[in-house]
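Working notes for the structure below.
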Amino acid sequence: MKKYKIAVIPGDGIGNEVTAEGVKVLDTFAALKGDIHFDYEYFPWGCEYYLKTGNMMDPNGLKILKDFDAILLGAVGYPSVPDHISLHGLLLKIRQGFNQSVNLRPIKLLPGAPCPLKDKRPEDIDFIVVRENVEGEYAGVGGVRFADRPEEIALQTAVFTRKNTEKIMEYAFQLARKRNKYKKVTNVTKSNALNYSMVFWDKIFTEQAENYRDIITETHHVDAVTMYFLQKPETYDVLVASNLFGDIITDLGAALQGGLGFAASGNLNLEKEYPSMFEPVHGSAPDLAGKQVANPIAMIWTVKMLLDHLLEDCDTERITEAITEILLEGKTLTPDLKGTAKTHEVGDAVCERLKRLLG
Ligand code: NAD
Ligand code: IPM
Ligand code: MN
């Protein structure tokens, strides 16, 4: 029996509701496999914790999380707490504190999921974004001077280190080698305007490409990428993007695969020195919170990514199949998919299908 310790941080808003469904699927999967077991420890960190304690997480939070095998996070953000406080106090703190330098975000249209592009089929939308996850504009370097005076000035400095940039480019090339598609990496840049950071980024991309001559490469400016996502998504395989660009293009990617209710992600510490963290791409959706109407598929897909990270050669594709069956059947769908099912009913339906597929 292999045992794994999972830290669960449901967070705020719909984070709580979708996390419950993710854990349900994890437990069902483990029970069906028989030889794996997950021990969970729940942490009540988030905006309500902040309003009570003045901190988004325990001040020793990173120390507490360090020895877990993985972290499962719901979402962070609450209307009465400024977003930069809540996100820098929890989500970004973990990404950066645990050097989770790659944020892996698959964009894949499942059969039965609604694609806003009418002439595109599931086989046309199947690519993955390797988002740099600890540097760039998110490095937290900057400041405000002359506050509230006419001279007031704000600086937010983007940071790009050779070591980290090389590492994530290398990861992207290796991923393209493993994937069964075009063996292609698209470099997402903006070096026409950003004459230091993105010129440096492109230079490292070109250097790394030399080590992967079997991989096709192309470089697209990020503004053009947003257009090509709509016009020719089928031409993409692996994209490598800086932190901010990766953030923006993956919400657009989410739309291509049916909405934020489908977008999953893994924040990976490549050195395995610290735990990696898995979370849906969406936020706490205050407009939906507490109503059991959020789509849990993004979280369930996220759990699949967590399993792929922890286990080798496991039947996790069955989870995707279970989701696909539900989409094609069309009876147990949340309101974003024009259904009337509750969040927990979708989780139950996925577990029921899993039992049939794996039982
Ligand atoms: P959001 O992702 O919470 O919501 C954007 C839109 O998508 C909303 O209309 C919402 O109803 C819909 N949506 C999101 N998830 C859904 C789901 N599972 N099923 C159905 N519909 C879904 O983004 P936002 O509104 O920009 O931000 C809300 C809060 O969440 C803010 O505080 C923001 O900072 C935070 N946020 C957190 C994360 C995170 O924790 N990873 C990510 C993004 C935003
Ligand atoms: C995401 C989110 C976060 C990000 C925010 C909430 C800080 O948008 O995970 O995509 O920008 O990385
Ligand atoms: Mn985002």
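One-based numbering, in listed order, for ligands and for the atoms of each.
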May I ask you to list the atoms of ligand 1 that are less than 4.0 angstrom from any heavy atom of [X]?
{"X": "Leu87", "answer": "34 (O)"}
{"X": "Glu279", "answer": "41 (N)"}
{"X": "Gly77", "answer": "32 (O)"}
{"X": "Ala75", "answer": "40 (O)"}

Using a 3.5 Å distance criterion without hydrogens, assess whether the side chain of [X] forms a donor-acceptor pair with backbone atoms of [Y].
{"X": "Asp69", "Y": "Lys5", "result": "yes"}
{"X": "Asp251", "Y": "Ile248", "result": "no"}
{"X": "Glu218", "Y": "Thr186", "result": "no"}
{"X": "Thr250", "Y": "Gly253", "result": "no"}
{"X": "Arg318", "Y": "Leu358", "result": "no"}
{"X": "Ser191", "Y": "Val199", "result": "no"}
{"X": "Asn295", "Y": "Ile297", "result": "yes"}

Crowded around Lys24 NZ? As in, over 12 foreign heavy atoms under 6.0 Å?
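Yes.
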Do other residues, nucleotides or ligands put more than 12 heavy atoms under 6.0 Å from Glu48 CD?
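No, not enclosed.
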Look only at interatomic distance and state if Arg131 has a nitrogen or oxygen under 3.5 Å from any nitrogen or oxygen of ligand 2.
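Yes; the residue has a nitrogen or oxygen that sits under 3.5 Å from a nitrogen or oxygen of the ligand.
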Identified side chain to side chain donor-acceptor pair (under 3.5 Å) partner of Asp237 from the options Arg179, Lys181, Lys184:
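So the option named by the test is Arg179.
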Give the cluster check for Val23 versus Phe68: same hydrophobic cluster or not, with ILVMFWY residues linked at side-chain heavy-atom distances below 4.5 Å.
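Hydrophobic grouping puts Val23 apart from Phe68.
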Do ligand 1 and [X] have nitrogen or oxygen atoms that lie under 3.5 Å from each other?
{"X": "Arg95", "value": "no"}
{"X": "Ala285", "value": "yes"}
{"X": "Val76", "value": "yes"}

Any idea which atoms of ligand 2 are less than 4.0 Å away from a heavy-atom of Tyr138?
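Numbered from 1, ligand 2 contributes 4 (C), 11 (O), 12 (O).
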Could any protein non-hydrogen atom be found less than 4.0 Å from [atom]?
{"atom": "atom 15 (N) of ligand 1", "value": "yes"}
{"atom": "atom 32 (O) of ligand 1", "value": "yes"}
{"atom": "atom 26 (O) of ligand 1", "value": "no"}

Taking 4.0 Å as the limit for heavy-atom contacts, which would you say applies to [X] with ligand 1: side chain only, backbone only, both, or neither?
{"X": "Leu91", "answer": "side chain"}
{"X": "Ile14", "answer": "side chain"}
{"X": "Val281", "answer": "backbone"}
{"X": "Pro286", "answer": "side chain"}

Distance from [atom] to nearest protein heavy atom, with residue and atom:
{"atom": "atom 2 (O) of ligand 1", "answer": "Gly283 N, 2.7 Å"}
{"atom": "atom 39 (C) of ligand 1", "answer": "His282 O, 3.8 Å"}
{"atom": "atom 5 (C) of ligand 2", "answer": "Leu87 CG, 4.2 Å"}
{"atom": "atom 11 (O) of ligand 1", "answer": "Asp287 OD2, 2.8 Å"}
{"atom": "atom 8 (O) of ligand 2", "answer": "Asp247 OD1, 3.2 Å"}

Verify whether one side chain among Glu21 and Thr343 offers a donor that lies under 3.5 Å from an acceptor in the other.
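Short answer, no.
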Is there a donor-acceptor contact under 3.5 Å linking the side chains of Tyr138 and His88?
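No, no side-chain donor-acceptor contact under 3.5 Å.
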Output, in order, the C-alpha distance, side-chain angles, deciding distance and verdict of ring-ring contact (aromatic ring centres under 6.0 Å, His included) for Phe229 and Phe127.
CA-CA 10 Å; Phe229 266 21; Phe127 56 90; 4.9 Å; yes
Any Arg105 heavy atom less than 4.0 Å to ligand 2:
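True for this residue.
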Does His282 come within less than 4.0 Å of ligand 2, judged by its heavy atoms?
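No.
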To make sure I understand the geometry: which N, O or S atom in Asp247 is closest to the Mn ion (ligand 3)?
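Result for Asp247 and the Mn ion (ligand 3): OD1.
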Would you tell me which option among Ser284, Gly74, Ala298 has the nearest heavy-atom contact to atom 30 (O) of ligand 1?
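Nearest heavy atom to atom 30 (O) of ligand 1 lies in Ser284.
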Residue selection (non-hydrogen contact nearest atom 21 (N) of ligand 1) among Asn295, Leu288, Leu260, Val346:
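The nearest heavy atom belongs to Leu288.
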Please tell me if the side chains of Leu328 and Glu325 come closer than 4.5 Å, counting only heavy atoms from C-beta onward.
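No. Closest side-chain heavy atoms not under 4.5 Å.
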Please confirm whether His220 and Tyr228 have ring centers closer than 6.0 angstrom.
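That pair passes the under 6.0 Å test.
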Region of Arg95 that comes within reach of ligand 2 [heavy atoms, distance under 4.0 Å]:
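The part of Arg95 near ligand 2 is the side chain, not the backbone.
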